[in-house]
2 protein chains.
Amino acid sequence: MATSTGTPLSEQSILATLEDSGDTTGATAVRLMMAAADAFADRGFHATTTRDIASRAGLSPAGVYVHFTSKEDLLFELSRRGHQTARDQLVAAAAAADSPTEALRSLIAGFSRWHAEHHQLGRIVQYEFRHLTPQHRDTVLALRKEIDAVVRDVLVRGVAEGEFEVDDVPATALALLSLAVDVARWYSPEIRRTPADIARTNGELAVRLVARR
Amino acid sequence: MATSTGTPLSEQSILATLEDSGDTTGATAVRLMMAAADAFADRGFHATTTRDIASRAGLSPAGVYVHFTSKEDLLFELSRRGHQTARDQLVAAAAAADSPTEALRSLIAGFSRWHAEHHQLGRIVQYEFRHLTPQHRDTVLALRKEIDAVVRDVLVRGVAEGEFEVDDVPATALALLSLAVDVARWYSPEIRRTPADIARTNGELAVRLVARR
DNA sequence: TGTCGTTGACTAAGCGCTTGCTTAGTCTCA
DNA sequence: TGAGACTAAGCAAGCGCTTAGTCAACGACA
């Protein structure tokens with residue numbers, strides 16, 4: 001995760017996320033997505049101008065439209081790829097654990113860590129959602145439901161195997177996701193706690209929230 | 001809380017919040033704030049036009065500037081009053097309880113309920129914060145620190161009196177606030193759970209998170 | 001090998017429209 | 001008579017996006 005080049009960590013991780021989305025995407029398109037992610041996270045979708053995105057990517061204003069059909073199309077690509085990598089990571093964490101308790105700990109730790117390391121993308125994904133077109137919203141909503149289902153599944157398994165004590169599974173799943181998602185709202189690279197710290201404490205808190213006593 | 005008039009509940013509660021902020025504010029200014037709250041919550045600060053706010057309040061575009069110096073000034077008034085009523089409610093809840101456990105339960109339940117009932121104002125307060133001027137941001141940040149302090153105090157008292165078991169007080173306070181604040185993100189009046197349901201389950205989860213076992 | 005024709009990435013210029021806010025003036029009521 | 005609430009009209013600036021055209025890269029073919 002450390003880097004010996006001059007590239008900032010935030011760019012590194014966004015780059016990795018955007019490149020490893022299972023799409024073949026040109027280098028300029030990736031540069032545009034990184035520029036847009038920076039700008040959207042910083043100022044919000046509507047406060048960001050296409051001229052700003054273009055100049056951050058070293059292009060003229062019209063250059064954006066060679067690679068994306070609209071500003072909203074850029075937002076959608078960021079949202080889709082962000083959700084996909086977050087989901088993939090959750091599924092992998094759930095599959096690797098050998099007990100519901102360990103699965104939940106690893107799930108919430110990983111999701112919290114993702115929202116710290118990718119807090120820019122996380123904010124875009126959560127707060128700019130409403131600016132997507134209805135069709136694009138539907139696509140993203142489907143990905144969100146998959147994420148929800150992973151957490152619920154672990155809770156149901158934990159209850160069945162006697163490890164968890166849960167009154168209301170959907171409500172508890174939502175609370176657990178709140179814990180992790182909200183990290184993107186308050187995290188900043190300047191704070192005392194590292195993404196790894198946050199992952200550890202949130203994973204522990206998650207287990208406390210449902211463990212039989 | 002129930003109403004026999006045609007006024008929707010959301011307007012009622014926003015109205016009450018905006019009117020009871022300890023300021024003397026004219027009826028037209030309150031109408032403008034309600035219109036702005038609706039619009040900002042719905043589309044975001046930058047996607048909302050002053051013409052939209054004015055027409056929702058039944059005024060011409062220029063009518064806004066009789067009562068507020070700018071669009072940002074309207075956002076600031078909403079943020080300030082929103083934070084103030086949220087803080088006042090927290091302080092009252094903490095003072096009324098007679099044990100740290102009950103204080104925490106009532107704190108998180110009340111804060112969760114507030115973020116459900118005032119989810120519009122809650123979203124504005126959380127997601128439009130960055131669009132405030134630096135000075136206005138400072139004013140609001142001071143209010144946030146007060147809110148943080150109330151939660152930390154209860155945790156410290158609970159640990160001292162042997163009721164709570166907490167590794168990291170600031171981190172746990174943040175997690176507890178995440179639980180409540182994030183309600184504004186996902187709550188909608190159409191969902192199954194009522195604000196009272198959410199308050200009850202979140203209060204219970206909060207206690208679980210810190211209770212000695 | 002040389003030179004076409006094509007394609008894709010990109011830019012300079014700018015169009016039509018909307019934005020936040022101002023100005024000059026009207027109306028109401030104490 | 002004068003102060004405050006409000007409007008009609010509009011200004012300067014900035015917006016998303018398009019148009020028309022440049023330029024380098026490249027395969028096809030005489």
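Model, not experiment: these values are computed from the prediction. Just so it is clear: chains get the letters A, B, ... in the order the sequence lines come, proteins before strands, and each one is counted from 1. Computation of the quantities below employed the complete heavy-atom set of this structure, encompassing side-chain atoms and omitting hydrogens, waters and symmetry-equivalent molecules.
- Going from atom CG of A/Asp73 over to atom P of D/dT18 covers 12 Å, rounded to whole Å.
- In this structure, B/Arg144 satisfies the cation-pi test against B/Phe129, with its NZ or CZ atom closer than 6.0 Å to the six-membered ring centre and inside 45 degrees of the ring normal.
- The salt bridge (charged side-chain N to carboxylate O under 4.0 Å, His left out) search around B/Asp168 returns A/Arg192, not counting sequence neighbours.
- With respect to A/Glu204 and A/Arg208, no salt bridge is recorded, no charged nitrogen being found less than 4.0 Å from a carboxylate O.
- In this structure, B/Thr69 contributes its side chain and B/Tyr65 its backbone to no donor-acceptor pair below 3.5 Å.
- Separating the CG atom of B/Asp52 from the C1' atom of C/dC21 is a distance of 16 Å, rounded to the nearest angstrom.
- Residue B/Thr28 has a polar side-chain atom (N or O) positioned under 4.0 Å from OP1 or OP2 of D/dC6.
- The separation between B/Leu32 atom CG and D/dT7 atom P is 10 Å, rounded to whole Å.
- The shortest distance between side-chain heavy atoms of B/Arg185 and B/Arg123 does not fall below 4.5 Å.
- Atoms CD (B/Glu72) and C1' (C/dG20) sit 13 Å apart, rounded to a whole Å.
- The distance from atom CZ of A/Phe68 to atom P of D/dC17 is 13 Å, rounded to the nearest whole Å.
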Pairs under 3.5 angstrom, nitrogen or oxygen only, protein versus nucleotides 13-16 of chain D, please.
unit_1, atom_1, unit_2, atom_2, d
D/dG16, OP1, A/Thr48, O, 3.2
D/dG16, OP1, A/Lys71, NZ, 3.0
D/dG16, OP2, A/Thr50, N, 2.9
D/dG16, OP2, A/Thr50, OG1, 3.2
D/dG16, N7, A/Arg51, NH1, 2.8
D/dG16, O6, A/Arg51, NH2, 3.0

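- With values rounded to the nearest 0.5 angstrom, A/Gln120 atom CD is found 7.5 Å from A/Asp42 atom CG.
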